[in-house]
J.: 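Below is the structure I would like to discuss, written out as C-alpha cells.
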Amino acid sequence: MSVLHYRGYTEDSIHGISVLHHARNTLEAAVTRETYDKTVYQNGGIHSGMLETNSDPHGCANGPAGKLLKR
C-alpha cells in the first residue's frame, strides 16, 4: 500500500495552513483591495496624503562620490 503526501500552503515552509484558513486570508485580501480601489475612485482617482522628500524633485541625485547622477 502506498501513501501519497501532498504539501499544502505554508507561510514559513515548516508549518502548513489549512485550505479554509488560506481561502479566508485570500478573500480578506481581495475585499480589502476592492475597498481601497472603491475609495480611490470615489475621490476622483486622487490618493489621499502627501509625499514629502528632502531630495531634488527634478530626477537628479548625488552618487557615492558626490557627483550628480541623472536618469
J.: Could you tell me the separation between the CD atom of Glu34 and the OG1 atom of Thr39, rounded to the nearest 0.5 Å?
T.: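 Interatomic distance, Glu34 CD to Thr39 OG1, rounded to 0.5 Å: 11.5 Å.
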J.: Show the nearest heavy-atom pair for residues His15 and Thr10, with the distance to one decimal.
T.: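 So the minimum-distance heavy-atom pair works out to O-OG1, 2.7 Å.
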J.: How many angstroms lie between CG in Asn25 and CG in Leu20, if you round to the nearest 0.5 Å?
T.: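 It comes to 11.0 Å.
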J.: Rounded to the nearest 0.5 Å, how far apart are NZ of Lys38 and CG of Asn43?
T.: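 Atom-to-atom, Lys38:NZ and Asn43:CG are 12.0 Å apart.
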